[in-house]
Amino acid sequence: MKDKFYLVLFVFFSNFLISDEIKIGIGSCLDQDFPQPIWQPIEEENLDYFIFLGDNVYGDSIFENLYKMKRAYSKQEKLLPDFLDQTDIFAIWDDHDYGKNDGGSDYKYKKLAENLFLDFWNVPINDVRRSREGIYFSENKVFFNKKYKLIFLDTRYFRSQLKGKKGSYQKNNDESSTILGKEQWTWLEKELNSNFDYLFIFSSIQIIPEDHGFEKWSNFPNDRTKLLKILEKYKDRTILFSGDRHRSGIYKRNGIIEITSSSMNKPGSSFFETDKYLIGETYPQENYSVLKILNDDISIDIKDKYGEILNSISFKNWKLQKN
């Protein structure tokens with residue numbers, strides 16, 4: 001009788017644990033010299049993972065000793081909350097933790113900056129990122145018996161030169177122009193040929209939006225067209241995530257959704273901005289996002305520094321629901 005009781009108890013709690021949702025926090029643009037009150041509502045989310053989408057410090061450095069970058073990491077290390085020690089963390093960089101504002105492949109100290117980045121995020125010595133150029137990588141996760149492919153892109157190390165001036169960048173249509181570079185493209189295509197049920201892609205800069213004049217994938221039409229064409233095959237099971245813009249937003253193009261989550265502690269300017277692919281409006285105040293997974297249901301909330309929802313989107317059995 002006692003054995004039967006314990007068996008029932010085990011089954012009950014096993015079902016309870018299995019039904020518990022996965023929660024992933026997402027944010028970008030965290031300046032070590034600004035207050036960081038946003039960590040309080042983030043801690044209350046009880047996250048399983050947190051993903052840093054770039055500009056995780058502001059350490060632009062024009063000198064080879066990268067003094068400003070080292071200082072930025074040293075200060076940020078003391079400011080990151082203790083609860084992150086119990087949370088799995090993934091990170092990519094953007095321009096300000098790469099080392100040069102709007103920087104690309106021509107940044108002279110990118111390899112030195114890469115080493116600082118990998119050290120700060122405690123990337124193991126035997127990790128492939130330690131032996132190749134660029135900080136791109138992937139993770140394979142199983143949630144509720146489904147395979148999730150997480151792709152983390154490097155939009156800095158190999159990126160060709162921007163055309164035009166900041167705020168009014170033009171399209172670089174040169175056939176050789178690129179964001180990802182040859183090696184990263186080869187890697188990405190191989191990753192996307194593997195077996196998975198659902199796909200999350202993390203890019204420091206926006207992929208879908210077209211209409212603003214700042215950095216974005218559409219400044220390099222060849223790479224953007226190539227990526228979106230590849231993703232057509234996976235569009236019913238793909239979500240994109242980006243940062244950089246110091247404003248949040250949700251975008252939709254041909255069935256693919258992109259969530260832009262930025263900035264964690266540097267609010268953007270209050271000017272009006274829209275886009276042909278924008279759902280609703282953009283939000284320039286400090287923000288972070290929470291991605292929740294429960295079986296085949298997905299929801300994403302963009303929240304302000306008080307934990308209040310600014311915008312949200314959800315999928316039932318991975319079909320978009322109207323909010």
Problem set entry | Test item: Tyr98 side-chain N/O and Gly104 main-chain N/O as donor-acceptor pair under 3.5 Å | yes
Exercise. Any salt bridge between Asp60 and Lys68, counting N to O under 4.0 Å?
Worked result: no
Problem set entry | Sidechain-backbone polar pair: Ser263 side chain, Cys29 backbone, donor-acceptor under 3.5 Å | yes
Problem set entry | Joint cluster assignment, Ile279 & Ile300, ILVMFWY side-chain distance < 4.5 Å | yes
Exercise. Quick one: do Lys292 and Asp297 make a salt bridge, cutoff under 4.0 Å?
Worked result: no
Problem set entry | Joint cluster assignment, Leu79 & Phe117, ILVMFWY side-chain distance < 4.5 Å | no
Problem set entry | Shortest non-hydrogen separation from Ser261 to Ser289 and the atoms involved | OG-OG, 3.1 Å
For this session: Could you pull out all residues at least two apart from Tyr58 that satisfy ring-ring contact (aromatic ring centres under 6.0 Å, His included)?
Result: His96
For this session: Kindly check if the number of other-residue, nucleotide or ligand heavy atoms within 6.0 Å of NZ (Lys316) is above 12?
Result: no
Exercise. When you look at Asp244 and Ser262, which way does the side-chain hydrogen bond (donor to acceptor under 3.5 Å, both in side chains) test go after all the steps?
Worked result: CA-CA 6 Å; Asp244 177 59; Ser262 171; over 6 Å; no
For this session: Could you tell me whether Asp119 and Arg130 have a side-chain N and a carboxylate O separated by less than 4.0 Å?
Result: yes
Exercise. Relative to Phe158, does Lys182 satisfy both conditions: NZ or CZ under 6.0 angstrom from the six-membered ring centre, and within 45 degrees of the ring's axis?
Worked result: no
N/O donor-acceptor pairs under 3.5 Å from side chains in residues 83-92, not counting sequence neighbours:
{"residue": "Thr87", "atom": "OG1", "partner": "Phe83", "partner atom": "O", "Å": "3.1"}

Problem set entry | Stacked cation flag Arg247 on Phe271, 6.0 angstrom / 45 deg | yes
Problem set entry | Short N-O contact, Asp106 and Lys100, less than 4.0 angstrom | yes
Problem set entry | Over 12 non-hydrogen atoms of neighbours within 6.0 angstrom of CG in Asp82 | no
Exercise. Can you list the residues that meet the ring-ring contact (aromatic ring centres under 6.0 Å, His included) rule with Trp217, with sequence neighbours excluded?
Worked result: none
Exercise. Taking 4.0 angstrom as the limit, do Lys111 and Glu114 come out as a salt bridge?
Worked result: yes
Exercise. If you look only at pairs with a residue in residues 236-256, which of them pass as a ring-ring contact (aromatic ring centres under 6.0 Å, His included), with sequence neighbours excluded?
Worked result: Phe200-Phe241, Phe202-Phe241
Problem set entry | Separation of Lys216 NZ from Thr155 OG1 (nearest 0.5 Å) | 13.5 Å
Exercise. Should we say atom NZ of Lys171 is surrounded by more than 12 heavy atoms from elsewhere, each under 6.0 Å from it?
Worked result: no
For this session: Would you indicate whether Gln40, at its atom CD, is surrounded by more than 12 heavy atoms from other residues, nucleotides or ligands within a distance under 6.0 Å?
Result: no
Exercise. Under a 4.0 Å N-O cut-off, is there an ion pair linking Arg245 with Glu273?
Worked result: yes
Problem set entry | Interatomic distance, Lys233 atom NZ to Thr238 atom OG1 [nearest 0.5 angstrom] | 11.0 Å
Problem set entry | Test of ring centre spacing under 6.0 Å for Trp39 and Phe50 | yes
Exercise. Shared ILVMFWY cluster between Leu228 and Trp185, side chains joined below 4.5 angstrom?
Worked result: yes
Exercise. Charged N to carboxylate O under 4.0 angstrom, Lys75 versus Asp33?
Worked result: yes
Problem set entry | Stepwise salt bridge (Lys or Arg N to Asp or Glu O under 4.0 Å) test for Arg224 and Glu210 | CA-CA 11 Å; Arg224 180 174 180 267; Glu210 291 185 352; 3.1 Å; yes
Exercise. NZ of Lys276: more than 12 outside heavy atoms within 6.0 angstrom?
Worked result: yes
Problem set entry | Short N-O contact, Asp127 and Arg129, less than 4.0 angstrom | yes
For this session: Run the numbers on Glu191 and Lys149 for salt bridge (Lys or Arg N to Asp or Glu O under 4.0 Å), then give the verdict.
Result: CA-CA 8 Å; Glu191 289 288 328; Lys149 170 73 73 173; 2.7 Å; yes
For this session: For ring pair (Phe, Tyr, Trp, His ring centres under 6.0 Å), just list the numbers for Trp121 and Phe52, CA-CA rounded to whole Å, side-chain angles, deciding distance to a tenth of an Å, and then say yes or no.
Result: CA-CA 10 Å; Trp121 295 111; Phe52 289 87; 4.8 Å; yes
For this session: Assess whether side-chain hydrogen bond (donor to acceptor under 3.5 Å, both in side chains) is satisfied between Tyr107 and Asp95, documenting all intermediate values.
Result: CA-CA 10 Å; Tyr107 179 50; Asp95 51 342; over 6 Å; no
For this session: Apply side-chain contact (heavy atoms from CB on, under 4.5 Å) to the pair Leu53 and Asp94, showing each step before the final yes or no.
Result: CA-CA 7 Å; Leu53 285 173; Asp94 200 33; over 6 Å; no
Problem set entry | Residue pairs passing the ring-ring contact (aromatic ring centres under 6.0 Å, His included) test where at least one lies in residues 275-302, sequence neighbours excluded | none
Problem set entry | same_hphob_cluster(Phe143, Leu294) at 4.5 Å side-chain heavy-atom cutoff | yes
Problem set entry | Distance-only polar pair, side chains of Asn193 and Lys190, donor-acceptor under 3.5 Å | no
Exercise. Salt bridge or not for Asp31 and Lys266, using N-O below 4.0 Å?
Worked result: yes
For this session: Check the angle between the aromatic planes of Tyr198 and Trp318 and answer parallel, tilted or perpendicular using the 30° and 60° thresholds.
Result: parallel
Exercise. Does Lys303 have any salt bridge (Lys or Arg N to Asp or Glu O under 4.0 Å) partners at least two apart in sequence or in another chain, and if so, which?
Worked result: Glu45
Exercise. Cluster question for you: counting only ILVMFWY and a side-chain heavy-atom cut-off of under 4.5 Å, with indirect links fine, are Ile230 and Leu240 together?
Worked result: yes
